[in-house]
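Accompanying notes for the structure given below.
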Amino acid sequence: MKNIVVSSFFMIFVASCASNGDVSHWHGESLGTLIEEYGTPQTFLKLEDGNKVIEYDGATALHKAANYCSLTFMIDRQNKILGASRQGNGTNCSNF
C-alpha cells in the first residue's frame with residue numbers, strides 16, 4: 001500500500017513539473033549543484049524507495065501579503081534531479 005502511495009505522489013509531482021518551464025532546466029542536474037546554487041533546503045524528505053523530496057522556501061514576513069515562492073525538487077537515489085516545481089507569486093520568485 002505504501003508503494004502505491006509513493007508511486008502516486010511521484011506521478012503527480014512529475015506531471016505537475018512537466019508544464020513548469022521556469023525550473024525545468026534543473027532536470028538531470030545533481031543535488032550537489034542545486035545545493036551550491038541555493039544552499040541547504042528548508043525541507044528534506046527521504047522516501048521509502050530511496051528518492052528524496054526537497055523544498056526551498058523563499059517566503060518572507062510579507063507572506064501574508066502574497067509575497068512568497070517555493071521550489072520543490074524530486075531527487076533520485078543517485079542524487080539526480082527528476083523534476084522541479086515552482087509555486088509563488090512574489091518578488092522572491094525572481095531569486096530562484
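FYI, side chains are in, hydrogens and waters are out, and symmetry mates aren't considered; it's all heavy atoms of this structure.
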**Item:** Side-chain donor/acceptor of Tyr56 to backbone N/O of Cys69, under 3.5 Å
**Value:** no
**Message:** How long is the straight-line distance from CG of Asp49 back to CG of Asp76, given to the nearest 0.5 Å?
**Reply:** 9.5 Å
Can I get a per-line list of side-chain donor-acceptor pairs under 3.5 Å for residues 28-36, giving both atom names and the distance, sequence neighbours left out?
from	atom 1	to	atom 2	distance (Å)
Ser30	OG	Thr33	N	3.1
Ser30	OG	Thr33	OG1	2.8

**Message:** Using 0.5 Å steps for rounding, measure from the CZ atom of Phe73 to the CZ atom of Arg86.
**Reply:** 10.5 Å
**Complete:** Rounding to 0.5 Å, atoms CG (Leu71) and CD (Gln87) come to a distance of 9.5 Å
**Request:** Walk me through it: do Lys52 and Asn79 pass the test side-chain contact (heavy atoms from CB on, under 4.5 Å)?
**Result:** CA-CA 8 Å; Lys52 297 168 259 324; Asn79 287 325; 2.9 Å; yes
**Item:** Nearest atoms (heavy-atom pairs only) where Glu55 meets Pro41
**Value:** O-CB, 3.5 Å
**Message:** Looking at Arg77, is its backbone amide N or carbonyl O close enough to the side chain of Asn51 to form a donor-acceptor pair, meaning the two atoms are under 3.5 Å apart?
**Reply:** yes
**OG1 on Thr72 to CD1 on Ile54, rounded to 0.5 Å** = 9.0 Å
